[in-house]
There are 2 protein chains.
Amino acid sequence: MNVRSICLAILYDGDATGYEIRKLSVEGEYSYFVDASYGAIYPALARLEQEEFVTSRVEQQDGKPAKKIYSITKTGRATFIQSLFEKLGEDEYRSEFLLFLRFASELPQSLVEQRLNERLAQIDSDLADFDRMKREHNHPGDAWVIDFGRTCMQAARHYIEAHGAELIALARPDRDDAAAAE
Amino acid sequence: MNVRSICLAILYDGDATGYEIRKLSVEGEYSYFVDASYGAIYPALARLEQEEFVTSRVEQQDGKPAKKIYSITKTGRATFIQSLFEKLGEDEYRSEFLLFLRFASELPQSLVEQRLNERLAQIDSDLADFDRMKREHNHPGDAWVIDFGRTCMQAARHYIEAHGAELIALARPDRDDAAAAE
DNA sequence: TCGCACATGTAACGTGTTACATGATTAG
DNA sequence: CTAATCATGTAACACGTTACATGTGCGA
C-alpha cells in the first residue's frame, strides 16, 4: 500500500490538499492504514496529476499561504477501485511492545509494569479516538471497520488486564535492574 | 525496530546463521515483529561483528555450503537489553484488508464475501502456527506474547463471523460489478 | 517574542527490497 | 530433469524520511 493509493483513497471521499492528506494519514482516521510525510505526499500528488488521476485548483487565502486543492477524476476513481480487485498485500503488524514483553524476564518489574500501564492508557486513548471517528464517519464501510478495530483493541485490553500480573511476576525484582543491564 | 535489533534479539536466544535469521523473520516466530531480507540481514550482521556485538565462526558441511554461525557477545546482550529501557517505538498496523473493506459499498458482494472467507482461513492458519510455536517456545516471555496474539486474532475472527454479513449486505449485488469498475 | 499552525515543495539521506551470481544435494 | 533447499553475499533500485527553504498571522 503505497502513498499513491492512500492519496486516491482519501480523495475518493472528497477534495483535499497535500497538507490535509498528511494530517489524516498521521493523526487522523487513516493513521491506521498509513503514515506518510510531506516528502512522500507532494511528489505523489504531482505524479497523480500528470497521469490525470487527479486535478488541482489553487485557492488564495488572506493571511495564509495559497492552497492547492486536489480532486479525484473519474479515471482516478476507476483505477483505485480496480486496484482493490487485485490480490491484496498482506497485513503487517510490527510491535516493539511485544518484542519488549518477550524479554520481560531480563527486565526489572517496575519497567514491565510501567510499559503495561502505558499501553492500557494508549488503548483507552485509541478507543476514544474510534468513538469520535464513528460519530464523524461519512463512508458506509467506516462504521464496520471502526468496530472491528475497537473489538480487537478491547480484546487486547482485557488480556493485559487479566494476565499482566503473570508477566510482571516473570520479571526481575527491582534491585536487580543493574544486573539486567550488565 | 531495525534489522540490527532483530538480529540481536534472535541471537539472544542462541546462535544462528544469516540464513536462519531470515527464515525466522519471514516465516517463523519473528515474522510478527519483522520481515527482513538477505540484502538487509547480511550487511547488518557484518556491521554488528565489526562493532563486536556478535562473533562468528565458519562451519564446513559436506554437500552443503559452509555456514557462518553468529553468536552474541556480552556487550551485544547488554546493548540490546539497554535498548529496551529506552522509549519504545510505536506499534504499527498496516492493513490493506481493512482499506478494502472500507470500500465494500463500491465492490461486488461476491468479492467482499470471498475476501472475508480468505481472511478467516488466514486467521485459522495463523492460530495453528501459534499453537505450534507455543509447543516449541524456549523463552519465558514467549507463551504470554503468543497467547496475547491468539486472543486478538480470535477476537477478530469472532467479529468477522458475527458481522461479516452486514458488510456483504452493504456491497453491490453481483451483476453490478461492471458498473463498480467503471 | 517565541513558537506554532497554516501551506508547499525540494534535496540529501537512510533503509530495505529485488534480482543476480555461485553451486552442490535432494526430493518429486 | 526440474525445482527446491541450503547458504552467502553484492549491486541496483525503490521508497520513504528528515531537514531545510519560505512566509504570514495568531495566541501564550
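Chain A is the first sequence line, chain B the second, and so forth, proteins listed ahead of strands; every chain is numbered from 1. Computed over heavy atoms, backbone and side chain alike; hydrogens, waters and symmetry mates excluded.
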Can you find a side chain N or O atom of B:Lys23 that sits less than 4.0 Å from OP1 or OP2 on D:dC6?
yes
Residue pairs meeting ring pair (Phe, Tyr, Trp, His ring centres under 6.0 Å), one or both in residues 58-78 of chain B, sequence neighbours left out, come to none
So CD of B:Glu90 and CG of A:Asp35: to nearest 0.5 Å the spacing works out to 8.5 Å
| field | Any A:Arg102 side-chain heavy atom under 4.5 Å of B:Trp144 side chain | value | no
Here the distance between atom P of D:dC15 and atom CE of A:Met1, to the nearest Å, is 14 Å
Walking DNA chain C from its 5' end, the first of A:Gly39 and A:Ala66 to be reached, judged by nearest nucleotide, is A:Ala66
Taking the six-membered ring of A:Phe33 as reference, does the cationic atom of B:Arg94 (NZ for Lys, CZ for Arg) lie under 6.0 Å from its centre and within 45° of its axis? no
For A:Leu107 and A:Val112 the tightest heavy-atom approach is CB-CG2, 4.2 Å
When rounded to whole Å, the CD to C1' distance for the pair A:Gln61 and D:dG25 reads 12 Å
At 4.0 Å (heavy atoms only), tell me whether B:Gly18 reaches a base, stays on the sugar-phosphate, or touches nothing. sugar-phosphate
Between OH of B:Tyr19 and P of D:dT5 the distance, given in whole Å, is 7 Å
- Message: I want to check a possible cation-pi pair here: B:Arg115 against B:Phe97, using under 6.0 Å from ring centre and within 45° of the ring axis as the test.
- Response: no
Item checked: Residue pair A:Ile123 / A:Leu127, side-chain heavy-atom distance below 4.5 Å -> yes
When rounded to whole Å, the CZ to P distance for the pair A:Arg22 and D:dG16 reads 15 Å
One should read off an interatomic distance between B:Tyr19 OH and B:Ile69 CD1, to the nearest 0.5 angstrom, of 15.0 Å
Atom CZ of B:Arg94 and atom P of D:dC15 are separated, to the nearest Å, by 17 Å
Comparing nearest nucleotides in DNA chain D, the 5'-proximal residue of the pair A:Tyr38, A:Lys64 is A:Tyr38
Quick one: is the NZ or CZ of B:Arg150 closer than 6.0 Å to the six-membered ring centre of B:Phe130, and within 45° of its axis?
no
Angle separating the five-pair end axes of the helix from C:dT1-D:dA28 to C:dG28-D:dC1, nearest 10°, is 40°
In whole angstroms, the gap separating P of D:dT22 from NZ of A:Lys68 amounts to 19 Å
Separation of D:dG16 atom P from A:Tyr42 atom OH, nearest Å, is 17 Å
So the contacted stretch of DNA chain C, first to last nucleotide with an atom under 4.0 Å from a non-hydrogen atom of chain B, runs from C:dG16 to C:dT25
